[in-house]
There are 2 protein chains.
Amino acid sequence: MDTADGVRIAAPHRELLDQILDKWSLSVLNELCERPCRFNELRRAVPQVTQKSLTATLRRLERNGVIEREVVSTRPVAVRYRITPLGKTLRPPVDVLLAWASRNMPAVERAREVFDGGEEAGA
Amino acid sequence: MDTADGVRIAAPHRELLDQILDKWSLSVLNELCERPCRFNELRRAVPQVTQKSLTATLRRLERNGVIEREVVSTRPVAVRYRITPLGKTLRPPVDVLLAWASRNMPAVERAREVFDGGEEAGA
DNA sequence: CCGTATCCAACTTGATACTG
DNA sequence: CAGTATCAAGTTGGATACGG
């Protein structure tokens with residue numbers, strides 16, 4: 001009774017969080033919360049992501065039901081991605097987490113310096 | 001102003017979350033929130049983790065200041081890991097996230113079935 | 001424009017063995 | 001008990017080229 005789902009971290013929950021909080025998902029979700037986007041708009045919005053990784057990220061998010069993919073059969077094809085209602089419910093938890101990271105980053109960085117400093121003394 | 005830290009997901013924040021929410025960290029943190037643990041106690045508590053991965057996880061968490069490592073120089077050596085005050089502050093955000101996962105897992109699973117079903121139709 | 005396919009390098013992971 | 005070292009194997013990620 002220490003976490004929301006009981007004593008253990010259920011594996012499916014961890015897997016889900018992995019798929020939704022992975023390297024590019026937060027940025028993509030963040031963009032799509034603002035407005036629906038085309039594929040290349042997302043590429044521009046997240047310049048470091050490659051085509052391949054962006055495609056993989058979008059598929060994963062779509063599969064988990066947090067974004068939607070709409071194909072507009074023009075010439076050439078247009079594809080519009082948008083956040084789903086389920087995806088929107090993700091925002092408060094994520095914001096809480098980012099707020100934690102933001103607030104505690106200085107403490108974490110101090111801890112890292114201490115740790116790294118202590119290591120080099122031992123070497 | 002859409003997330004706690006502004007328009008973009010700052011890379012250092014993502015990196016930090018990666019280190020703290022990774023494959024084994026949640027389970028380890030969960031155990032250490034209950035009580036301080038020895039190395040092998042943790043192994044038993046998280047049976048799937050290998051020695052190597054557990055060591056890596058513990059070092060990473062220690063470096064980020066969320067757990068502490070205390071060496072009790074007996075024979076043979078004993079090592080006690082415990083959560084730090086900083087580590088404790090991690091629990092509410094994590095619980096919010098796990099609560100989200102718990103609540104929305106059914107919706108996610110439905111979405112996956114739809115997605116996977118739609119794929120096989122196209123093949 | 002929106003992808004998929006392929007190749008390849010890099011990082012991660014597990015299994016196993018060994019040390020203080 | 002609490003690790004470190006080593007090696008094999010699987011997975012990820014980028015670069016590039018091509019297809020609908």
Side-chain angles (χ1 to χ4, degrees), chain A residues 11 14-15 17-28 31-32 35-63 67-82 115 118-120 122-123, chain B residues 9 11 14-15 17-28 31-32 35-64 67-82 115-116 118-123:
Chain A
R14 273 231 71 270
E15 188 216 352
L17 295 182
D18 267 352
Q19 304 213 342
I20 284 172
L21 300 179
D22 85 322
K23 194 171 183 193
W24 304 113
S25 295
L26 283 188
S27 298
V28 168
E31 281 301 312
L32 294 181
R35 63 188 181 293
C37 280
R38 307 265 305 262
F39 186 84
N40 280 344
E41 285 184 290
L42 286 171
R43 286 196 72 181
R44 280 186 291 275
V46 190
Q48 307 85 349
V49 75
T50 61
Q51 223 172 24
K52 185 180 176 181
S53 299
L54 182 55
T55 301
T57 299
L58 290 168
R59 287 289 177 284
R60 191 164 41 239
L61 292 177
E62 187 193 0
R63 187 170 110 90
I67 69 171
E68 261 174 356
R69 180 171 182 271
E70 176 200 359
V71 180
V72 186
S73 309
T74 53
R75 257 311 317 262
V77 158
V79 179
R80 178 177 302 276
Y81 294 93
R82 68 178 74 247
F115 184 93
E119 290 305 279
E120 87 188 36
Chain B
I9 311 294
R14 275 230 70 272
E15 188 217 351
L17 295 182
D18 267 352
Q19 305 214 340
I20 284 172
L21 301 179
D22 85 323
K23 194 171 183 193
W24 304 113
S25 295
L26 282 189
S27 299
V28 168
E31 281 300 312
L32 294 182
R35 64 189 182 293
C37 280
R38 308 264 306 262
F39 186 82
N40 280 342
E41 284 185 290
L42 286 170
R43 285 196 72 180
R44 280 187 290 275
V46 191
Q48 305 85 351
V49 75
T50 61
Q51 225 172 21
K52 186 179 174 181
S53 297
L54 181 55
T55 301
T57 300
L58 289 167
R59 286 291 176 285
R60 190 165 40 239
L61 292 177
E62 187 193 0
R63 187 171 111 90
N64 286 296
I67 68 172
E68 261 175 355
R69 180 171 180 271
E70 175 200 0
V71 180
V72 186
S73 310
T74 53
R75 257 309 318 256
V77 157
V79 178
R80 176 178 304 276
Y81 293 94
R82 67 179 73 247
F115 185 93
D116 296 345
E119 289 304 278
E120 87 187 37

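Each chain gets a letter, A, B and so on, in the order its sequence line appears, and its residues count up from 1.
Taking 4.0 angstrom as the limit, Tyr81(B) places a side-chain polar atom (N or O) nearer than this to OP1 or OP2 of dG3(D).
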Write out a two-atom table: protein N or O, nucleotide N or O from nucleotides 14-16 of chain D, distance below 3.5 Å.
from    : atom 1 : to       : atom 2 : distance (Å)
dG14(D) : OP2    : Thr50(A) : OG1    : 3.2
dG14(D) : OP2    : Ser53(A) : OG     : 2.6
dG14(D) : O6     : Lys52(A) : NZ     : 2.4

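Applying the side chain to side chain donor-acceptor pair (under 3.5 Å) test to Thr50(B) and every residue at least two apart in sequence or in another chain returns Ser53(B). In this structure Thr74(B) satisfies the side chain to side chain contact (heavy atoms under 4.5 Å, CB included) test together with Val72(B), Ala78(B), sequence neighbours excluded. By the side chain to side chain contact (heavy atoms under 4.5 Å, CB included) test, Arg63(B) is found to be paired with Arg112(A), Phe115(A), Asp116(A), residues two or more places apart in sequence or in another chain being considered.
Between the side chain of Glu62(A) and the backbone N or O of Arg59(A), no donor-acceptor pair lies under 3.5 Å. Here the side chain of Asn40(B) pairs no donor or acceptor atom with the backbone of Arg43(B) at under 3.5 angstrom.
Summarising the geometry, the separation between CG on Asp22(B) and C1' on dT12(D) is reported as 16 Å, rounded to the nearest angstrom. Between the C1' atom of dG13(D) and the CZ atom of Arg59(A) lies a distance of 18 Å, rounded to the nearest Å. In this structure, Leu54(A) atom CG and dG13(D) atom P are separated by 13 Å, rounded to whole Å.
The stretch residues 70-79 of chain A touches DNA chain C through Pro76(A), Val77(A), Val79(A), each having a heavy atom under 4.0 angstrom from the strand.
Read 5' to 3', the first and last nucleotides of DNA chain C with an atom closer than 4.0 Å to a heavy atom of chain A are dC1(C) to dC7(C).
Taking every heavy atom of both residues into account, Ser25(B) and Ile20(B) meet most closely at CB-O, 3.1 Å.
At a threshold of 4.5 Å between non-hydrogen side-chain atoms, the residues Leu21(B) and Asp18(A) do not count as touching. Residues Tyr81(A) and Leu61(A) form no side-chain contact, since every pair of their non-hydrogen atoms from C-beta on lies 4.5 Å or further apart. Between Leu54(B) and Val46(B) the shortest side-chain heavy-atom distance does not fall below 4.5 Å. Put simply, the side chain of Lys23(A) does not reach to within 4.5 Å of the side chain of Val49(A), judged on heavy atoms.
The 5' end of DNA chain C is approached more closely, in terms of each residue's nearest nucleotide, by Asn40(A) than by the other of Arg60(B) and Asn40(A).
Each of Glu31(B), Glu70(B), Glu41(B) was evaluated against Arg82(B); a single residue qualifies, Glu70(B), per the salt bridge (charged side-chain N to carboxylate O under 4.0 Å, His left out) test.
Residue-level contact check: Arg43(B) touches neither bases nor backbone, having no heavy atom under 4.0 Å from any strand.
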